[in-house]
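Written below as C-alpha cells is the structure these notes are about.
Order of the sequence lines sets the chain letters (A, B, ...), proteins ahead of strands, with each chain counted from 1.
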Number of protein chains: 2
Amino acid sequence: MTKQTDLKEYWKNNPRLLPSVSIDCVTLGFHDNQLKILLLKYKNTEYYALPGGFINMDEDLEDAAHRILEERTGLRNIYLEQFHVFGSNKRQNDNTHREIMAGCDIEMKPNNFLLNRFISIGYYALIDFTKAIPSPDELSDSCEWYDLDKIPTLMFDHNEIFRKALETLRLMLDDKLIGFNLLPETFTMNELQNLYETILGEKIVRSNFQRKMLGLGILERIEKKMTGAANKAPYLYRFLGRAYS
Amino acid sequence: MTKQTDLKEYWKNNPRLLPSVSIDCVTLGFHDNQLKILLLKYKNTEYYALPGGFINMDEDLEDAAHRILEERTGLRNIYLEQFHVFGSNKRQNDNTHREIMAGCDIEMKPNNFLLNRFISIGYYALIDFTKAIPSPDELSDSCEWYDLDKIPTLMFDHNEIFRKALETLRLMLDDKLIGFNLLPETFTMNELQNLYETILGEKIVRSNFQRKMLGLGILERIEKKMTGAANKAPYLYRFLGRAYS
DNA sequence: ATTTTATTGTACCATTTTGATACAATAATA
DNA sequence: TATTATTGTATCAAAATGGTACAATAAAAT
C-alpha cells in the first residue's frame, strides 16, 4: 500500500474494514515545557486533522488504536486511553472527504466506504516526545507537533474531540498518575512540575508539589543532574509505577 | 412492530440501522436502600442481558441511547452517560444470537444483521426508581430490577460492562454530583447517605456526611417528614443542582 | 402526664491535608 | 572568596477530614 497505484485501489474499493466506526487519536507529547499535539495536514488542502483510522474486520478496537498510533509515531506500547465516542449524525461532511481525496488524485465513487456515516472513538495517547518519529499517512503530507495554544481549525469535530480529551486528561491526571508517560525515563522535579502546570493550566507552589509527589512513593531518586547552571543541581527521578502498555 | 409477523419481518431483513454499532445500558435505580439494575431475560432462554439496541441511520448516538432507555422505562430526559466502548473482536457469539431468535420463532439467515460484528457503546443511566415502568422488548419476556449482588450471568461481555459502569460511577460520584438522579424529588439525609454507601460500598460517618453535603450548598431544606417512627423527624431535602437531561 | 426509645441535627476536638513562606545547601560564575 | 539562582526541606497557619458527644424530638411505653 505504499505505491500510489496501490493506494488508489485501496481507497477506491471498499476495504475489509469494520463499517461505521473510526478512531481518532489525540496524541500528546511534552517538549520545551510545552504540551504538543500531533496533527496531520492532508495533501494539497488546508485540512488539518487528528491522526485516525479504521478497524480491521477481525481486529480488537484497542489493537486498532495501537496500530494507528504506531504508524504515525513508530512507537509500540503507547499509553492509550479511550475517552469518548463522538456520534452526532451530522459530524461529517462529504465534500471535505471529496476534497481530501481529490488532493491525492483519487476519485470517489458515490458508494465509497468513506462516504458512509461514521462514529468516531476518541483515544488520547501520552507519549515520550523524544522517542516518537512522526510520519504522515498516505493522504497527508505532514505529521507534526503543534503547541496546544496554536492548534489550527481542524476537520469535522476534531477540535471538540481535542477539547474533550484535554478535559478528561485533567480529570484523570492525579487519579491515575498518567503524566509520567509524557516524560523520558528520568526527569527532574522541575520538569515534572512544568508538565503538571501545563496540563492543568495553572501554577503550583513548588514546595507543595514536591512534597506531594515524593509523598506518593512512586519516585526513585537517582544521581544528581549537573545542568551547568550556576545553582544547586537537581536530582533526577525515575517513575516507579508500572509502565503502561 | 408490535405484532409477531411484523417483528419477524423486522429481524429477518436488514433494517436501516447503523452497522457495527450497538448500545448497552447499565440502568440503575435505588429502592429499599438497595441499588438495582434493570435486566432483560430473552423469551424461552436462560439468557439475561443489559437493555440495549441499535442506532438508526440518521439518529444521533445520544438520541439512540435515550430512545432505547425510554422504551424500557417509559422515562424521557434520563440522566445518561457514556462510559466505555467494548470492542473486542470476540465479544459476541453467533449461537447465542441464534438461540435467542429461536426462542422467538425467528429464523436467522446467514447474512442476518445481528450476525455481523458489533462494538458496543456502554451508557449508564441513573433513574428515579419510583417513576420507571420497566417493560420488556419484543425479544424478551421480562424486564426487571435486580439487586446488584444478585446479578445473574449475563450474555456476552455484559457482566464486564456492568463492572466498568459501576467503577466509573464510583469515580464520578463526588465529582459530578450525579447520585441525586437516583432519588425522588425530595429525600432525607439518611436516604442520601444510604445511596452513597451503597454505591461506594463502604460505611460513612453520619455527622461528617451531613456536614459535607450541607456544605456543598446544593440542598434545599424543606419541611420535616413525619415518619411515624418513635424519634426525631428528619428534614426533607431537595436537590438544587440543575436537572440533567 | 411523664418517661423511655431511637434517631436526628449539630457542636466539638484531634488528626491529616493543604497553602504559603522561609531558609540552608550548593553548582557555577564573578 | 563572594555572588547568584535554584533546589531540598522545614515550618506555620488554614482548611478539610475522621471521630465522638450531646441536646432535641416524635412516637411509644409506662
Side-chain angles (χ1 to χ4, degrees), chain A residues 32-33 170-177 179-180 183-184 186-240, chain B residues 30 32-34 170-177 179-180 183-184 186-240:
Chain A
D32 281 344
N33 284 341
R170 284 177 175 166
L171 214 61
M172 296 294 166
L173 189 60
D174 276 335
D175 206 56
K176 297 200 172 180
L177 300 176
F180 299 95
L183 293 173
T186 63
F187 46 86
T188 65
M189 192 59 76
N190 193 2
E191 290 167 336
L192 183 59
Q193 180 173 349
N194 280 326
L195 171 61
Y196 267 69
E197 289 182 339
T198 308
I199 294 178
L200 299 175
E202 57 188 24
K203 286 284 171 195
I204 307 171
V205 175
R206 186 179 59 87
S207 63
N208 296 338
F209 180 78
Q210 191 138 344
R211 177 177 61 193
K212 177 174 146 188
M213 283 300 149
L214 293 178
L216 292 173
I218 50 164
L219 293 182
E220 182 190 4
R221 182 176 281 182
I222 322 284
E223 78 282 6
K224 289 199 171 192
K225 182 188 184 186
M226 297 303 169
T227 60
N231 51 38
K232 189 172 177 179
Y235 285 104
L236 284 175
Y237 294 91
R238 185 197 316 283
F239 178 56
L240 287 178
Chain B
F30 190 65
D32 280 344
N33 283 341
Q34 281 276 337
R170 284 178 176 166
L171 214 62
M172 297 293 166
L173 189 60
D174 275 335
D175 207 55
K176 297 200 171 180
L177 300 174
F180 298 96
L183 293 173
T186 62
F187 46 86
T188 66
M189 192 58 76
N190 192 2
E191 289 167 336
L192 182 60
Q193 181 172 349
N194 281 325
L195 171 61
Y196 268 69
E197 289 181 339
T198 308
I199 293 178
L200 298 175
E202 58 187 24
K203 286 285 171 194
I204 307 172
V205 176
R206 185 179 58 88
S207 63
N208 296 339
F209 180 79
Q210 191 138 344
R211 178 178 57 193
K212 177 175 145 187
M213 283 300 149
L214 293 178
L216 291 174
I218 51 163
L219 294 182
E220 182 190 5
R221 183 176 279 182
I222 322 285
E223 79 282 5
K224 289 199 173 194
K225 181 189 186 187
M226 297 303 169
T227 58
N231 51 38
K232 189 172 177 179
Y235 285 104
L236 283 174
Y237 294 91
R238 185 196 318 281
F239 178 56
L240 286 179

Measure the distance from NZ on A/Lys224 to P on C/dA28 and round it to the nearest whole Å.
10 Å

With sequence neighbours excluded, tell me which residues meet side-chain hydrogen bond (donor to acceptor under 3.5 Å, both in side chains) with A/Gln193.
A/Glu197

Along nucleotides 7-16 of chain D, 5' to 3', which nucleotides get a B, which get an S, and which get a -, given that the test is a protein heavy-atom distance under 4.0 Å?
BBBBB-----

B/Ile218 side chain near B/Phe180 side chain, heavy-atom distance below 4.5 Å:
yes

Roughly how many Å is it from CD in B/Glu223 to P in C/dG9, rounded to a whole number?
13 Å

Sequence neighbours excluded, the answer for side-chain hydrogen bond (donor to acceptor under 3.5 Å, both in side chains) partners of A/Arg206 is none

What pairs of residues pass the ring pair (Phe, Tyr, Trp, His ring centres under 6.0 Å) test when at least one of them lies in residues 208-235 of chain B, not counting sequence neighbours?
B/Tyr196-B/Phe209

Rounded to the nearest Å, what distance is computed from the CG atom of residue B/Asn33 to the P atom of nucleotide C/dT7?
13 Å

Just the rounded figure in Å: distance from P of C/dT10 to CZ of B/Phe209.
15 Å

Taking for each residue the nucleotide of DNA chain C bearing the nearest heavy atom, is the 5' side occupied by A/Lys212 or by A/Thr227?
A/Lys212

Starting at atom NZ of B/Lys203, determine the distance to atom C1' of D/dG18, rounded to an integer number of angstrom.
17 Å

Only counting residues at least two apart or in another chain, list the ones meeting side-chain contact (heavy atoms from CB on, under 4.5 Å) with B/Ala229.
B/Thr227, B/Asn231

Within this structure, what is the CE-to-P distance between B/Met213 and D/dT17, rounded to whole angstrom?
11 Å

Filter on ring pair (Phe, Tyr, Trp, His ring centres under 6.0 Å), then keep only pairs touching residues 211-234 of chain A, sequence neighbours left out; what's left?
none

